[in-house]
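One structure is given below, encoded as structure tokens.
Just so you know, residue 1 is the first one in the sequence shown, and it goes up from there.
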Amino acid sequence: MVKLFAHACCGAVGAFVFGLCLASTIVRFDGLSLAVTILFGLPVISDWFWTRRQVRQFAASETAGNHATQFLWSYVFFCMLASGFGIAVMAIVLLSADVTRTFGAIVFGVLTCVGIYPVVRDAKRLADALQPRTAP
């Protein structure tokens, strides 16, 4: 369970940095910022595929497969929230820190923190489905 959650956190941190770079690219579109955005986006995608491969290798039964699918969706949405938080933070940094942008960053920060719970829950469910049941 801890390993699955660690992969999700690595993906979320990468997605946050990708969001920072993406907002910077949107504000000033040049070749360097586009290249940096792509370079930070590739590890996020490759981490997701690597986590998907690892999870699918362990999920042999139908129940474990369902829990694996649920974990991967939670992982994707957690990374999307972290990316949105990165975009909101960079909007504050590059543009003015008015009430609307600050409120958006706070909302995305809270949503990202709340998004940790489904990832932990689904990682625990998957880990429990993978462990063999022992009779008492």
[Y] side chain reached by [X] side chain, heavy atoms, under 4.5 Å:
| X | Y | result |
| --- | --- | --- |
| F103 | V107 | yes |
| L126 | D122 | no |
| L72 | R56 | yes |

Could you tell me whether a side-chain N or O of [X] sits under 3.5 Å from a main-chain N or O of [Y], the two making a donor and an acceptor?
| X | Y | value |
| --- | --- | --- |
| T51 | D47 | yes |
| S33 | R28 | yes |
| S83 | M80 | no |

Open item on the list: More than 12 heavy atoms of other residues, nucleotides or ligands under 6.0 Å from CD of E62: yes or no?
Closed with: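 No, not enclosed.
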Just verifying a value: how many Å separate [X] [atom1] and [Y] [atom2], rounded to the nearest 0.5 Å?
| X | Y | atom1 | atom2 | value |
| --- | --- | --- | --- | --- |
| I116 | S74 | CD1 | OG | 12.5 Å |
| I106 | I92 | CD1 | CD1 | 7.5 Å |
| L20 | F85 | CG | CZ | 9.0 Å |
| L22 | M90 | CG | CE | 10.0 Å |
| L111 | F77 | CG | CZ | 13.0 Å |
| C10 | Y75 | SG | OH | 8.0 Å |

Specify the closest pair of heavy atoms between [X] and [Y], including all atoms of both residues, with the distance to one decimal.
| X | Y | answer |
| --- | --- | --- |
| S46 | P43 | OG-O, 3.1 Å |
| A12 | A82 | O-CB, 3.3 Å |
| A105 | A88 | CA-CB, 3.6 Å |
| A68 | V55 | CB-CG1, 3.2 Å |
| T37 | T25 | OG1-OG1, 2.6 Å |
| F40 | C21 | CD1-SG, 3.4 Å |

Answer with yes or no whether the hydrophobic clustering places [X] together with [Y]; edges join I, L, V, M, F, W, Y residues whose side-chain heavy atoms lie under 4.5 Å apart.
| X | Y | result |
| --- | --- | --- |
| L32 | V17 | yes |
| I45 | I87 | no |
| V89 | V110 | no |
| F49 | F78 | yes |
| L4 | W50 | no |

Task: Salt-bridge present (D98, R101; N to O < 4.0 Å) - done: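 Yes, this pair counts.
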Task: Passing option when F71 is tested against N66, V119, V76 for side chain to side chain contact (heavy atoms under 4.5 Å, CB included) - done: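 When side chain to side chain contact (heavy atoms under 4.5 Å, CB included) is applied between F71 and each of N66, V119, V76, only V119 qualifies.
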